[in-house]
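Quick note: numbers below take in every heavy atom, side chains included, and nothing from hydrogens, waters or symmetry partners. Each ligand, and each atom within it, is numbered from 1 in the order the structure gives.
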Amino acid sequence: MPPNVLGQLESAFTVHVLPTQESEAETMLRDVGPRIRGLATNAVQAPPVAVLDVLPNLEVIASSGIGTDALNADYAHGRGIVVANTPDVLSEDVADAGIMLMLAVSRQLLHADRNVRDGLWLKGLSLGHRVNNKRLGIVGLGRIGRAIARRAEAFDMVIAYHQRRADHELPYRYYDDVAALAADSDFLMVVVPGGPATENMIDRRVLDALGPQGVLINVGRGSTVDEPALVAALAEGRIRGAGLDVLADEPNVPEALCTMDQVVLAPHYASGTVETRLAMGQLVVDNLRAHFRGDPLLTPVT
Ligand code: NDP
């Protein structure tokens, strides 16, 4: 939980913090579970159904983050529990992180930094690749995807996108097939939600369409990329590089990725700035307050 959450919650509610130790958590849930009416959590470490099952009087889940793939929202809705997340407030930072990864891969920032620190200067460092004027394919032109597109316009990139439905209000070319978008892209930026509908949508077919000059950036969810297929494509030079803020089995990283200079990795921290985490935390508190005042949630998951 962001640091501004606990104090505010404690001033309004009786708060119980779930211990990380499993046996302590079980004891606590047995003692106070039936009295719990609200749950503050986050989009990555949300409690499983087994925990929700021992909270029979739960009315509301307020999650910090956007993803609903780990939230068991359908299950919660089925029990009449309302669920809130924190959209919009993090879009700009996640977009910044996507652009940062694209630049870091293209200009080999980590390799260059290591060279300077090791006293090697330019030794062994090949030339990077241009980002400006290149073609950017965005998979998921939602709130974050659009914030990425706005930034890419300033780099004079040619922007196109894939999602389930075309948005004819947008000035960008729409592809109904993600592989066709990849074939026409130098950079493929993935920012769709996780879950069964998008699982492994970036597979070998898409990576081969992206091709040996192509770069994959993922700031959405690790589950959308077929990771073994990605590792193979990178190892065999069938794509040029990758920038990954999210991985399939976090925090476990395929060993091969850690040895590749053409890959930049980040620990699912795209929304991790002080400013955004405080805004996300505030929205968690405000959603819980709204619910217990009898008002609708500010940002409900529907
Ligand atoms: P939005 O709901 O605004 O956008 C989601 C986009 O994905 C829409 O364009 C939607 O279009 C598209 N989409 C959804 N399902 C599919 C599908 N099955 N196939 C193709 N396209 C699909 O969400 P945000 O932009 O706010 O966030 C996107 C995701 O980013 C979050 O769900 C979360 O998983 C991830 N995220 C990652 C963070 C990080 O730290 N790395 C931080 C925050 C979010 P359509 O419905 O037309 O298909």
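In terms of protein heavy-atom proximity, atom 47 (O) of ligand 1 is nearest to Arg165 N, 3.3 Å. Of the protein's heavy atoms, Gly220 O, 3.6 Å lies nearest to atom 35 (C) of ligand 1. Among all non-hydrogen protein atoms, the one lying nearest atom 4 (O) of ligand 1 is Gly142 CA, 3.3 Å. Of the protein's non-hydrogen atoms, the one nearest atom 41 (N) of ligand 1 is Asp245 OD2, 2.8 Å. Atom 5 (C) of ligand 1 has as its closest protein heavy atom Pro193 CD, 3.8 Å. Looking at atom 26 (O) of ligand 1, its nearest protein heavy atom turns out to be Arg143 NE, 2.9 Å. In terms of protein heavy atoms, atom 18 (N) of ligand 1 is closest to Thr198 CG2, 3.5 Å. Atom 31 (C) of ligand 1 has Ile66 CG2, 3.8 Å as its closest protein atom, hydrogens excluded (heavy atom only).
Under the 4.5 Å side-chain heavy-atom criterion for grouping Ile, Leu, Val, Met, Phe, Trp and Tyr, Met28 is connected to Val49 within one hydrophobic cluster. In this structure, Ile144 is a member of the same hydrophobic cluster as Met157, with clusters built from ILVMFWY side-chain heavy atoms closer than 4.5 Å.
Atom CD of Glu22 has 12 or fewer heavy atoms from other residues, nucleotides or ligands within 6.0 Å.
Between Trp121 and Asn115, every side-chain heavy-atom pair lies at or beyond the 4.5 Å cut-off. In this structure the side chain of Leu188 reaches within 4.5 angstrom of the side chain of Val206, judged on heavy atoms. Counting only heavy atoms from C-beta outward, the side chains of Leu52 and Arg79 approach each other to under 4.5 Å.
For ligand 1 and Leu90, the ligand atoms under 4.0 Å from any heavy atom of the residue are 43 (C). Less than 4.0 angstrom separates some heavy atom of Val219 from each of these atoms of ligand 1: 36 (N), 37 (C), 38 (C), 39 (C), 41 (N). Near Ala197, with a cut-off below 4.0 Å to any heavy atom, the atoms of ligand 1 are 18 (N). Per-residue contacts place Leu141 under 4.0 angstrom from the following atoms of ligand 1 (heavy atoms of the residue considered): 9 (O). Within the listing of ligand 1, atoms 39 (C), 40 (O), 41 (N) sit less than 4.0 angstrom from a heavy atom of His268.
A side-chain N or O of Arg277 and one of Ser271 form a donor-acceptor pair less than 3.5 Å apart.
Within the structure, the closest approach of Pro87 to ligand 1 does not fall below 4.0 Å when heavy atoms are considered.
Distances from atom 22 (C) of ligand 1 to the heavy atoms of Val192, Asn218, Ile148 show the closest one on Val192. Across the listed options Asp88, Ile144, Val94, Ile144 owns the non-hydrogen atom lying nearest to atom 44 (C) of ligand 1. Taking only non-hydrogen atoms, the option from Gln163, Met201, Arg164, Arg221 nearest to atom 14 (C) of ligand 1 is Arg164.
Note that NE2 of His291 and CZ of Arg37 are 6.5 Å apart. Values are rounded to the nearest 0.5 Å. Taking OG1 of Thr299 as the start and CE of Met280 as the end, the distance is 11.0 Å to the nearest 0.5 Å.
Considering backbone and side-chain atoms together, Gly67 places no N or O closer than 3.5 Å to any N or O of ligand 1.
Partner of Asp186 under the salt bridge (charged side-chain N to carboxylate O under 4.0 Å, His left out) criterion, chosen from Lys134, Arg135, Arg240: Arg135.
Centroid-to-centroid, the aromatic rings of Tyr161 and Tyr175 stay 6.0 Å apart or farther.
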